[in-house]
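Each ligand, and each atom within it, is numbered from 1 in the order the structure gives.
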Amino acid sequence: MVKKYPNYNIINLDALTYAGDLTKHSDIQHEANYFFEKVDISDRSAVFSVFEKHSINLVTHFAAESHVDRSITDPEIFIKTNVLGTQVLLDAAKQFNVEKFVHVSTDEVYGELEFDPTTFFTENTPLEPNSPYSASKASSDLLVRSYYETFGLPMNITRCSNNYGPYHFPEKLIPLTVSRVLNNQKVPVYGTGENIRDWLHVLDHCSAIDLVMHEGVNGEVYNVGGHNEKTNLEVVETIIKALGKSEDLIEFVEDRLGHDKRYAIDPSKLEKLGWKPTYNFDSGIKQTIDWYLDNQEWWETILSGEYKNYFEKQYSL
Ligand code: TYD
């Protein structure tokens, strides 16, 4: 967005929690239209100050605690950031009369699908979240909806499938697998590895958000993703093969509590708006693995820091 829209001032508001770091900004940080504000979205006065200082007129709300396993261990921060933080942003957006509020959500709010490959999540699928994470996101979706219905806040909600790509924090399946396989460490596959996720390259997600921001019909929900369904085992095997390592690295471990069986998106509504993804799973996973090979220092630094203790506690492999 910074490079595509030089006439927009882009204000990046981020609390820089454990999953954030400024090295991700290195190629844009000196651009004249880019500004960074280290702010927690649940800090009302700080958020309102940023809106005032920069005369914000468009909001894309990406900020969330997003790791399901962490929400099972400790749900509280998910409610604080994802629910209360969203309410603060909505209040600021209302107060400053923004022209659009795009709320970035997740297909996990729909709950799970059975393995039947002909069923998909549509925008009309009822919300049936199963984890504290997805329940916090569903709650925020409903708040956004209510600000549209009650106050007329111009908004859209996007619900994406599982993202992957460069700079993905190495607690999520794909970067976790790449980093562990490269270090010849066991890869923990939950349960039997048959759960299915629908993989969306992060840049295709961003192009969808850009489109919805500019063309989305106010009040509408748009699902993002589709037709890149893989079992977790297929994902792990693909990465191991691409890196020329042995499948002996796979370790089946205890299943996640409340583990959703399958997610799969019907993207036809967004396609009608004009969205076309540029990656399929094969091209996207190749590009992502290459990025992790070229940026080993970035993830090695994360793995040797605070995250090391988290991982040892979580998996003890
Ligand atoms: P994850 O990347 O945590 O995303 P989400 O839970 O939001 O879908 O997990 C993707 C899938 O991979 C999910 O079915 C859980 C599974 N998984 C493993 O089998 N092992 C792991 O170590 C992790 C982190 C996830």
Side-chain angles (χ1 to χ4, degrees), residues 18-19 62 64-75 78 82 104-115 121 128-138 158-183 185-202 205 223-226 228-240 247 249-265 281 284-285 288-289 292 299 302-303 307-308 310-317:
Y18 76 93
F62 293 98
E65 292 288 337
S66 71
H67 195 47
V68 173
D69 293 326
R70 287 181 186 257
S71 83
I72 294 168
T73 318
D74 186 5
F78 286 74
N82 300 359
V104 178
S105 189
T106 165
D107 60 358
E108 299 191 29
V109 299
Y110 298 124
E112 66 175 357
L113 293 164
E114 294 299 323
F115 289 114
F121 293 136
E128 288 181 344
N130 292 321
S131 71
Y133 160 64
S134 52
S136 70
K137 290 298 288 184
T158 58
R159 296 191 178 129
C160 63
S161 56
N162 283 62
N163 277 223
Y164 70 102
Y167 287 120
H168 203 183
F169 194 76
E171 65 187 346
K172 304 284 175 116
L173 181 68
I174 287 179
L176 176 110
T177 303
V178 177
S179 58
R180 288 185 72 84
V181 169
L182 284 172
N183 284 333
Q185 291 169 310
K186 294 273 190 189
V187 179
V189 172
Y190 299 162
T192 58
E194 283 161 342
N195 303 62
I196 290 173
R197 298 292 182 263
D198 186 354
W199 293 97
L200 169 67
H201 193 278
V202 62
H205 186 192
N223 285 351
V224 190
N228 282 296
E229 289 177 49
K230 301 281 167 205
T231 67
N232 293 337
L233 202 52
E234 282 170 333
V235 170
V236 172
E237 284 170 355
T238 302
I239 295 168
I240 288 176
E247 289 188 6
L249 288 175
I250 296 173
E251 177 106 349
F252 292 98
V253 298
E254 201 182 326
D255 210 353
R256 173 186 279 173
L257 296 175
H259 196 175
D260 286 335
K261 283 197 223 74
R262 173 172 168 261
Y263 305 143
I265 291 260
F281 186 73
I285 196 74
T288 302
I289 292 171
Y292 278 83
W299 54 265
I302 292 169
L303 290 174
Y307 180 68
K308 192 168 178 234
Y310 166 78
F311 192 82
E312 279 167 4
K313 220 166 76 195
Q314 190 81 7
Y315 301 108
S316 54
L317 287 185

**Q** What atoms of ligand 1 come closer than 4.0 angstrom to any heavy atom of L176?
**A**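 Atoms satisfying the 4.0 Å criterion: 22 (O).
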**Q** Relative to the heavy atoms of K172, which atoms of ligand 1 are at a distance of less than 4.0 Å?
**A**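 Close to K172: 2 (O).
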**Q** Do I289 and I239 have side chains that approach each other closer than 4.5 Å (heavy atoms only, starting at C-beta)?
**A**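 Sidechains of I239 and I289: in contact.
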**Q** Using a 4.0 Å cutoff against the non-hydrogen atoms of E108, which atoms of ligand 1 qualify?
**A**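 By the 4.0 Å cutoff, the relevant atoms are 5 (P), 7 (O), 8 (O).
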**Q** Which label fits W299 and Y292: parallel for a plane angle under 30°, tilted from 30 to 60°, or perpendicular past 60°?
**A**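 Rings of W299 and Y292: tilted, 30 to 60°.
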**Q** Are the side chain of E112 and the backbone N or O of K261 linked by a donor-acceptor pair below 3.5 Å?
**A**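 Pair found, side chain donor or acceptor close to backbone of K261.
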**Q** Checking side-chain contact (heavy atoms from CB on, under 4.5 Å) for the pair H205/V104: CA distance, chi angles, key distance, verdict?
**A** CA-CA 10 Å; H205 186 192; V104 178; 3.7 Å; yes
**Q** Stepwise, does the side chain to side chain donor-acceptor pair (under 3.5 Å) test hold for Y263 with E108?
**A** CA-CA 7 Å; Y263 305 143; E108 299 191 29; 3.2 Å; yes
**Q** Provide the number and element of each atom of ligand 1 under 4.0 Å from a heavy atom of H259.
**A**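 Answer, ordered by atom number: 13 (C), 14 (O), 15 (C).
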**Q** Do R197 and Y164 make a side-chain contact, defined as non-hydrogen atoms from C-beta onward lying under 4.5 Å apart?
**A**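 A side-chain contact is absent here, since even the closest heavy-atom pair is not under 4.5 Å.
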**Q** Quick one: which of P188, S131, G191, S71 has a heavy atom closest to atom 20 (N) of ligand 1?
**A**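 It is P188 that holds the nearest heavy atom.
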**Q** Using a 3.5 Å cut-off on N or O atoms only, is R197 in polar contact with ligand 1?
**A**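 Yes.
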**Q** Taking only heavy atoms of H67 into account, list the atoms of ligand 1 that are under 4.0 Å away from them.
**A**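 Those atoms are 3 (O).
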**Q** Which part of D260 is near ligand 1, with near meaning a heavy atom under 4.0 Å away: side chain, backbone, both or neither?
**A**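 For D260, there is no contact with ligand 1 at all, from either part.
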**Q** Under 30°, 30 to 60°, or over 60°: which ring-plane class applies to W199 and F281, parallel, tilted or perpendicular?
**A**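 W199 vs F281 ring planes: tilted.
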**Q** Judged on heavy-atom distance to atom 23 (C) of ligand 1, which of Y263, Y190, F169 sits nearest?
**A**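 Comparing heavy atoms across Y263, Y190, F169, the nearest one to atom 23 (C) of ligand 1 lies in Y190.
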**Q** What I'd like to find out is whether the side chain of Y190 reaches to under 4.5 Å of the side chain of N232, using heavy atoms alone.
**A**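 SC-SC contact between Y190 and N232 ruled out.
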**Q** Near V68, which atoms of ligand 1 are under 4.0 Å from a heavy atom of that residue?
**A**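 The list of qualifying atoms is 6 (O), 7 (O).
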**Q** Heavy-atom contacts with E171 under 4.0 Å: which atoms of ligand 1 show up? List them by number with element.
**A**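 The atoms of ligand 1 under 4.0 Å from a heavy atom of E171 are 24 (C).
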**Q** I need the atoms of ligand 1 closer than 4.0 Å to a non-hydrogen atom of V189, numbered in the order shown.
**A**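 Listed by number with element, the hits are 19 (O).
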**Q** For L173, which part has a heavy atom under 4.0 Å from ligand 1: side chain, backbone, both, or neither?
**A**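 Both backbone and side chain.
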**Q** Can you check which of R256, K261, E251, R262 brings a heavy atom nearest to atom 9 (O) of ligand 1?
**A**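 Answer by nearest heavy atom: R256.
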